[in-house]
Amino acid sequence: MSHLAQAIRELGDSGPLRRMPRANLERIATVLVLGWAVGFMLWQGAGFTITLTTIFAIWAILAVSLNLVVGFTGLLSVGHIGFFGIGAYTMAILASDASYDRLRTESIPTPDWPFFAALPVCIAIAGLVALGVGVVFNRFRDDIFVLVSFGFAIIAFSFFLNLRELTRGAFGIHEIPRPAFGSWVLDGEIEFLIFALICLALVVLICWLIVTSSFGRVLTAIREDEEAIAVFGYRVTHFKLAVWVLSAMMAGLAGALLASWTSFIDPNSFILLESMLLIAIVILGGLATIWGSLLGAMAFVLLEEGMRFLPFLPPEFVGQARQVVLGVLLVLLMLFRPQGLVGRYKL
Amino acid sequence: MHGSSDVSLQLTDIAVHYGAVRALDGVSLGISQGEAVAVLGPNGAGKSTVLKAIMGLAPVVAGEVHWRGRRLEAETHEIVREGICFVPQGRRVFTHLSIEENLEMGCLYLGDESEKRRRLESVLDLFPILYDKRRDLASQMSGGQQQMLAIGRGLMGAPDLLLLDEPTLGLAPIVVGEVFAKVREISNRVDTTIMIVEHNIKGVLEIVDRAYVLDKGRIVHEGTPESIRETNILTDVFLGRIQPDEEGGGRTDGA
């Protein structure tokens, strides 16, 4: 057993994966993931492809936005799912069909807003909550920051579950509308997919503008040495707070998209485990790389959905198996490729 | 206390406490425009704390810092804009950024792009080794080159006062000489006032105009390099022979 452990350690320390140049691995990972995606989609047909790509777009927005905080700034947050949930619930509360809710015994008033009226509010509320939470979290670093962000995810989940007057608790909220431009409702899956991809493109563009600007360079410097950057006249807390709020607003957007796409949400979509899966995606793709987050999200969605088709796996175990596989993947990555597929830094 | 009329920085009775530890205990010193001054002393004497107190990075519990006749009570980011720059111990360059990007971090807050470019060219002119490698990552540089980069990054803020904390720490002897020569050149050519905390006493006394000797958080001697060489003050301090009294810490002047 000790020989095995020794062999694994040596392989991890000096293995070819760890030493492979980033550019080479980036090419290989890109070809493999995209090839896998194309093959899978050809096999499953257009309908499944559209569903899969929509899930990818939502997870990719989450992963890219979380990478701003975790990868580029070095703040390991496991509370991102809370902002995702805030965006989703804000959309559900503001826009769900009021007439449907009146049929329920535990009826709640809903303003019945159209999607595009509710969307900016979803983003703004996620940002405002992040601002309030961030002012407190800014006092913490490293391990303590992980713990307090963990606490935030738990508190957010508790609100979703227990604030029944607003969230309907475990019953969830139904009849959340799709986006509509006047009388043109994006009812079709392909229309919604295009809308989700436009949102993803916007998020990627904003993130790219951030990380390639001088603001992004300060984030990189904060990641490396927070105290050193402070002596050059930078108010580190302001930079950290700004990126934290921006990232939360993007997560709020992803939440609003999810609520509208599925037309139903309940607290189970925002449990802590989902946050861990999100962290796994970011690490899998690589820290401080937008392309890596897109690859990581694609690989995750393919893995998650692909497991449904494994003949030896009963459907009821797919969810649990997904968690096991991602857990094992995370351990293997830490051993052999701690910087992820195309990442610049180790965790 | 430094008695010159053109004192640009004056510390008066500064006390810094870290809990029960009295890192500085009534330190008073001054530095004039264009001077190069060293702060010497054994480990734990409080040398680096002097620089941190000036920069607002240490908990000052008593005393005052005056900069150009005005009391300095600002936060670190405001102090930088007042024209004081601190180059911390251990180089602390940003290894994932290129040399040029590292230098730009020294004045990224400036809105004027042409001024940034002018400063960059000026610093690269001062450090030709950085110019040759300006597109390389800082992680690819040697320790001595990283130290040059750290000093260059400090100069990007166009400081009137440059605070250097142990710039030769961990460097090979031949590189130490290069770093000291560069500090002297900055002092002469750029006319920047310099306060340097240093362990390498022999080397630093060659390049400064005056020096303060610190022991157990108090200044025990002030004078020119010649006066310090003539006395046994450093030997006494490093061997623990100095017993600071209750008032004045046994301070002697050799100016």
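Quick note: numbers below take in every heavy atom, side chains included, and nothing from hydrogens, waters or symmetry partners. Just so it is clear: chains get the letters A, B, ... in the order the sequence lines come, proteins before strands, and each one is counted from 1.
The structure places OG1 of A/Thr237 at 9.0 Å from NE2 of B/His77, a figure rounded to the nearest 0.5 Å.
Contacts between residues 60-76 of chain A and chain B, counted as heavy-atom pairs separated by less than 4.5 Å, involve no residue at all. For residues 94-102 of chain B, a heavy-atom distance under 4.5 Å to chain A picks out B/Phe94, B/Thr95, B/His96, B/Leu97, B/Glu101, given by residue number. The interface of residues 49-67 of chain B with chain A, defined by heavy-atom distances below 4.5 Å, comprises B/Met55, B/Leu57. For residues 199-223 of chain A, heavy-atom neighbours of chain B at less than 4.5 Å comprise A/Ser214, A/Arg217, A/Val218, A/Thr220, A/Ala221, sorted by residue number.
Using a 4.5 Å cut-off between heavy atoms, B/Val93 touches chain A through its backbone atoms (N, CA, C, O) alone. For chain B, the nearby part of A/Ala230 is the backbone; its heavy atoms alone come within less than 4.5 Å.
Around CZ of A/Phe150, the count of heavy atoms belonging to other residues, nucleotides or ligands within 6.0 Å does not exceed 12. Within a 6.0 Å sphere centred on CG of B/Asp112, other residues, nucleotides and ligands contribute more than 12 heavy atoms.
For chain A, the option among B/Arg153, B/Glu104, B/Glu78 with the highest count of heavy-atom pairs below 4.5 Å is B/Arg153.
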For A/Glu224 and B/Arg92: C-alpha separation, side-chain torsions, deciding distance, then whether salt bridge (Lys or Arg N to Asp or Glu O under 4.0 Å) applies. CA-CA 9 Å; A/Glu224 273 202 54; B/Arg92 301 176 83 162; over 6 Å; no

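B/Met105 and A/Phe232 make their closest contact through O-CB, 4.0 Å (heavy atoms, listed as atom of the first residue, atom of the second, distance).
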